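All remarks here apply to the structure that follows.
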Amino acid sequence: GARGTLGVVGLALGAHDGGPSPAHRQLLETFVAQTALALERASLAEAAARATVAAETERTRNALLAAVSHDVRTPLATISATADLLLDPQADLTGAGRTELLEGVREEAGRLNRLVANLLDLTRLESGDFPLHIEPCPLEEIVGAALEHTRGRLRGRDV
């Protein structure tokens, strides 16, 4: 092939002492060259497919990393800012205001905990250590669970 040896062709001559005729030799060389081209084309197609999958995987990984980075920073920033406010001796916080801030910290810590758990599950899924049990599920149950899961964050909003 053009990029190196792809294989070897052997020819059993049998009873022919003189080897193949020039016409047969030409036909054999043409056959081998065409086979080499077909093998190279298949090899290049496989390499292109692998490169496409690798590029898509990298793009997905980068998008996931950006999303996770944002999703981790938001609760951490909220928790940090609330802690600063609670520790500020000049902040005039009533009992109700203090309780509301602490509930916000608890909610954001829970959000962060769920995110870390989801990332660990995703890692297990990718490594194959987490068996998948795919089965149909009614859409009403999925939407209901999502609404219940986000009830605190959706407070005061119509869905």
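What you see is a predicted model; the values in this text were computed from it and never measured.
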Find the distance between [atom1] ([X]) and [atom2] ([Y]) and round it off to the nearest 0.5 Å.
X      : Y      : atom1 : atom2 : value
Thr82  : Glu103 : OG1   : CD    : 12.0 Å
Leu101 : Thr78  : CG    : OG1   : 11.0 Å
Leu93  : Asp88  : CG    : CG    : 8.0 Å
Leu119 : Leu64  : CG    : CG    : 7.0 Å
Asn113 : Asn118 : CG    : CG    : 9.5 Å

Do Glu140 and Val143 have side-chain heavy atoms sitting under 4.5 Å apart?
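Of all side-chain heavy-atom pairs linking Val143 with Glu140, none is under 4.5 Å.
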
I'd like to check the salt bridge (Lys or Arg N to Asp or Glu O under 4.0 Å) partners of Glu135; sequence neighbours left out, ordered by chain and number.
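Partners of Glu135 by the salt bridge (Lys or Arg N to Asp or Glu O under 4.0 Å) criterion come out as none, since no residue qualifies.
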
What's the verdict on side-chain contact (heavy atoms from CB on, under 4.5 Å) for Leu102 and Arg106, showing C-alpha distance, side-chain angles and the deciding distance?
CA-CA 6 Å; Leu102 288 171; Arg106 182 178 17 189; over 6 Å; no

I need the minimum non-hydrogen distance between [X] and [Y], along with the two atoms involved.
X      : Y      : answer
Ile79  : Glu108 : CG1-CB, 3.8 Å
Thr150 : Ala146 : OG1-O, 2.8 Å
Arg153 : Arg157 : O-NH1, 2.8 Å
Cys137 : Ile142 : SG-CG1, 3.9 Å
Glu107 : Gly152 : OE2-C, 4.3 Å
Val72  : Leu115 : CG2-CD2, 3.2 Å

Residue pairs involving residues 60-83 (criterion salt bridge (Lys or Arg N to Asp or Glu O under 4.0 Å); sequence neighbours excluded)
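Output for this query lists Glu58-Arg61.
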
Out of curiosity, does [Y] fall in the hydrophobic cluster containing [X] (side-chain heavy atoms, cut-off under 4.5 Å, transitive links)?
X      : Y     : answer
Val105 : Leu87 : no
Leu44  : Leu37 : no
Val9   : Leu27 : no

Kindly say whether Leu39 contributes a backbone atom to a donor-acceptor pair with the side chain of Ser43 at under 3.5 angstrom?
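No, Ser43 side chain to Leu39 backbone: no donor-acceptor pair under 3.5 Å.
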
Could you tell me whether Glu29 atom CD has more than 12 heavy atoms of other residues or ligands within 6.0 Å of it?
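More than 12 heavy atoms, drawn from other residues, nucleotides or ligands, come within 6.0 Å of this atom.
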
